[in-house]
Amino acid sequence: LCCTHVDARRRRRSMRLPPTRLLALGAAAAAATLAYLLHRRRLRSKLAAAPISEWAKVELHVHFDGAFDWDVVYEAARADEACHPVEAVLPPDPTPFPIRSRVAACGCLADYTQLCTAAGGERSLRAMLECFLTFTPAVRGKLDVIEELAYRFVARQAAQRVVYTEMRYSPQLLAVGGGDDAPASAAADPRPVLAAVTRGLRRGEAAHPGIRVNQLLCMICWHPEWSQARNASAQFFGAIRRNSRRNFLSPTPDRSASQATVDCAAEHRDAGGPCAVVGVDVAAGEAWLDPSSPLHAPTVAALADARRRG
């Protein structure tokens, strides 16, 4: 035991660094710390001096249809005034609000921009969604306009030095048959819209190297039949019709031929290439979070399906 104890002490002594070596390591650590602090100080000074527009940025939640160029949308609206419904209804409130008359009253781009912007006055989700229902008919189903808007979106992100973006939108809302005023036979097929947006984004990325934009497809809270091919939404539509003063969703549009949002996202994710679909989410409110709502079960089922597909 004594020999073992002596050997252990010798080994510990042999492992000790000489004082000169310790001093050298301490000086190196101090120099590295000082260099880091000086670098951080210079970096802070540089960032403080540079405007935020010059910083490289990332945006992970940008509404495509909330970032349209108003000059493009206004020209489309003027060229096809009949595309606007006379009025629209925003569930769950069955009270209609005018659209066509408001658009016709716009005498210039500034008037139209003010009409379609939720700034001043009432600031609420409903006020913002009314704006969306006002201007989306102007571009719905017009694939060349949608492609141009996607191209300009990338150009604007490049001008603001947003190097990576995840852009979200509902392709059904921008598709032919995507409005609640569509005939019962209409089927909102998201694929042509998704293809047009992808073409515009890819053109934009080619014109602005170093900028990358991917896509998130939105399920619409009030349209669970768009979310998943296996959803049965008759209960939801029936509940709205029973509680409304106006049968605004009757007859229920038969969109069984539509491709579900989750299916569309999965197909485009596997298609390869830039500007891919990287996820899905739910837009147009949070009513589906209420377990007692008829919106809850189909939306949760669609999200579970998306998770299952990775």
Side-chain angles (χ1 to χ4, degrees), residues 60-67 90-91 125 129 132-133 136-137 139-141 143 146-147 149-150 153 165-180 182 186-201 213-237 240 249 252-273 275-289 293-310:
L60 300 180
H61 184 105
V62 185
H63 296 253
F64 173 45
D65 38 3
L90 186 61
L125 176 62
L129 293 179
F132 276 75
L133 291 180
T136 49
V139 303
R140 181 173 289 129
L143 301 181
I146 293 172
E147 180 179 341
L149 289 168
F153 177 86
T165 304
E166 290 183 359
M167 182 187 77
R168 66 193 293 263
Y169 66 101
S170 167
Q172 285 96 336
L173 280 182
L174 300 178
V176 174
D180 287 329
D189 185 355
R191 290 169 294 183
V193 172
L194 177 57
V197 172
T198 303
R199 287 194 301 270
L201 295 179
V213 180
N214 284 331
Q215 304 176 63
L216 300 171
L217 300 189
C218 295
M219 309 177 209
I220 297 301
C221 176
W222 301 104
H223 284 286
E225 80 281 11
W226 289 348
S227 300
Q228 191 184 24
R230 294 181 292 278
N231 285 345
S233 55
Q235 178 187 3
F236 159 66
F237 287 109
I240 286 186
L249 284 179
T252 300
D254 179 12
R255 293 185 172 96
S256 58
S258 299
Q259 188 181 30
T261 304
V262 175
D263 298 334
C264 191
E267 287 183 8
H268 196 72
R269 178 197 61 183
D270 297 333
C275 309
V277 173
V278 295
V280 297
D281 67 4
V282 184
E286 299 179 345
W288 67 275
L289 293 173
S293 169
L295 301 167
H296 180 76
T299 306
V300 170
L303 291 172
D305 187 34
R307 182 176 183 180
R308 213 167 21 246
R309 298 188 188 193

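Atom set for the values below is all heavy atoms of this structure, side chains included, hydrogens, waters and symmetry mates excluded.
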Note to self: Restricting to non-hydrogen atoms, name the atom on V176 and the atom on R140 that form the minimum distance, rounded to 0.1 Å.
What the structure shows: N-CG, 4.3 Å
Notebook entry, point to check: Roughly how far apart are C218 SG and H63 NE2, rounded to 0.5 Å?
Noted result: 7.0 Å
Notebook entry, point to check: Among all residues two or more places apart in sequence or in another chain, which pass the salt bridge (charged side-chain N to carboxylate O under 4.0 Å, His left out) test with E147?
Noted result: R199, R203
Next item on the list: For R168 and V282, work out which heavy atoms get closest and say how close.
Entry: NH2-O, 3.5 Å
Margin query: I want to check something: taking the side chain as every heavy atom from C-beta on, are V280 and L216 in contact at a cut-off of under 4.5 Å?
Written below: no
Next item on the list: Compare all side-chain heavy atoms of I146 with those of F64 and state whether any distance is below 4.5 angstrom.
Entry: yes
Next item on the list: For L217 and P171, work out which heavy atoms get closest and say how close.
Entry: CD2-CD, 4.1 Å
Margin query: Between L194 and Y169, is there a side-chain heavy-atom distance shorter than 4.5 Å?
Written below: yes
Notebook entry, point to check: Shortest non-hydrogen contact from A265 to V277?
Noted result: CB-CG1, 3.6 Å
Check: Does the distance from a Lys or Arg side-chain N to an Asp or Glu carboxylate O, for R309 and D263, drop under 4.0 Å?
Finding: yes
Margin query: Just verifying a value: how many Å separate Q172 CD and T261 OG1, rounded to the nearest 0.5 Å?
Written below: 3.5 Å
Notebook entry, point to check: Heavy atoms, side chains only, cut-off 4.5 Å: are L201 and Q215 in contact?
Noted result: yes
Check: Which atom names give the shortest non-hydrogen contact between A302 and V262, and what distance separates them?
Finding: O-CG2, 3.6 Å
Note to self: Run the side-chain contact (heavy atoms from CB on, under 4.5 Å) test against A276 and tell me which residues pass, sequence neighbours left out.
What the structure shows: N214
Checklist line | Close side-chain approach of L173 to F132, heavy-atom, < 4.5 Å | finding: no
